[in-house]
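Right, one structure below, let's go through it.
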Amino acid sequence: MIRFLKALILLPVAILIVLLAVANRAPVTLSLDPFSQEAPEFAFQLPLFAVIFAAVMLGVLIGGMASWLAQGKYRKSRRRLRRETRQLRYETERLKAQTPSNTNLPATIPAQARSI
């Protein structure tokens with residue numbers, strides 16, 4: 001079912017991407033020199049779809065890195081809690097191993113609870 005839903009979503013997206021690439025295959029000049037418009041030092045002739053795809057990929061990369069950096073405090077907290085949980089489990093197992101399992105002692109009632 002999930003494969004079908006993925007195909008239902010990804011197939012139209014893939015078709016749109018191919019249509020975008022075919023419709024925008026004319027070369028454009030990508031200039032990286034803001035000071036010289038007539039004879040730029042760094043200029044490339046690329047198809048328009050390549051420029052668009054590169055911009056989208058760069059945006060996804062920058063957004064992913066920003067999201068990863070923003071979630072750093074949650075990862076740190078999770079690592080700390082995982083260590084604490086591991087330590088508490090170890091201590092619980094150690095205490096269980098120390099106490100004999102066949103003793104059936106009655107529960108003791110604190111003195112404060114008896115006076116109520």
Side-chain angles (χ1 to χ4, degrees):
M1 183 67 179
I2 292 177
R3 283 186 183 176
F4 176 73
L5 291 175
K6 274 186 187 178
L8 189 65
I9 293 172
L10 292 179
L11 187 62
V13 171
I15 290 171
L16 286 174
I17 289 172
V18 169
L19 289 175
L20 177 79
V22 170
N24 294 299
R25 63 182 182 266
V28 294
T29 302
L30 177 66
S31 175
L32 301 175
D33 187 4
F35 302 111
S36 175
Q37 291 182 356
E38 292 81 29
E41 289 290 323
F42 302 106
F44 305 99
Q45 289 284 332
L46 297 170
L48 181 59
F49 73 88
V51 175
I52 293 170
F53 290 167
V56 168
M57 284 189 275
L58 185 65
V60 167
L61 185 67
I62 291 172
M65 287 175 51
S67 176
W68 184 78
L69 289 173
Q71 294 172 358
K73 60 184 174 184
Y74 301 113
R75 288 192 308 275
K76 183 178 179 181
S77 173
R78 185 175 177 185
R79 281 193 304 269
R80 183 183 55 79
L81 290 173
R82 192 179 295 147
R83 278 193 302 267
E84 185 178 331
T85 302
R86 193 178 309 124
Q87 181 182 2
L88 290 173
R89 282 186 183 152
Y90 170 75
E91 187 175 340
T92 302
E93 292 299 322
R94 184 179 58 82
L95 290 173
K96 282 182 182 178
Q98 283 181 354
T99 58
S101 62
N102 58 0
T103 59
N104 294 327
L105 298 175
T108 58
I109 301 173
Q112 293 173 346
R114 282 188 236 158
S115 65
I116 294 178

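For reference, positions follow the sequence shown, starting with 1.
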So do the side chains of R79 and K76 get within less than 4.5 Å of each other, counting heavy atoms only? yes

Out of curiosity, L88 CG to R83 CZ, how far, rounded to the nearest 0.5 Å? 13.0 Å

Give a yes or no on whether R75 atom CZ has more than 12 heavy-atom contacts from other residues, nucleotides or ligands under 6.0 Å away. yes

What is the distance from atom CD1 of I17 to atom CZ of F53, rounded to the nearest 0.5 Å? 5.5 Å

Please give me the minimum heavy-atom distance between V28 and P47, naming the atom from each residue. CG2-C, 4.5 Å

Any F35 side-chain heavy atom under 4.5 Å of E41 side chain: no

Can you establish whether the number of heavy atoms outside R3 located under 6.0 Å from its atom CZ is more than 12? no

Separation of I9 CD1 from F4 CZ (nearest 0.5 Å): 10.5 Å

Begin with the C-alpha distance, continue with both residues' side-chain angles, and end with the deciding distance and a verdict on side chain to side chain contact (heavy atoms under 4.5 Å, CB included) for L32 and F44. CA-CA 9 Å; L32 301 175; F44 305 99; 3.7 Å; yes

Measure the shortest side-chain to side-chain distance between Q98 and L95 over non-hydrogen atoms and say whether it is less than 4.5 angstrom. yes

same_hphob_cluster(M57, V51) at 4.5 Å side-chain heavy-atom cutoff: yes

L81 backbone acceptor or donor facing T85 side chain under 3.5 Å: yes

Do L11 and L19 belong to the same hydrophobic cluster, where Ile, Leu, Val, Met, Phe, Trp and Tyr are linked whenever their side-chain heavy atoms lie under 4.5 Å apart, directly or via other members? yes

Separation between CZ (F42) and CG (L30), nearest 0.5 Å, reads 12.5 Å

For the residue pair P40 and S31, what are the closest heavy atoms and their distance? CB-OG, 3.3 Å

Can you tell me how far apart CD1 (I15) and CG (L10) are? Round to the nearest 0.5 Å. 11.0 Å

CD (Q87) and CZ (R89) are apart, to the nearest 0.5 Å, by 13.0 Å

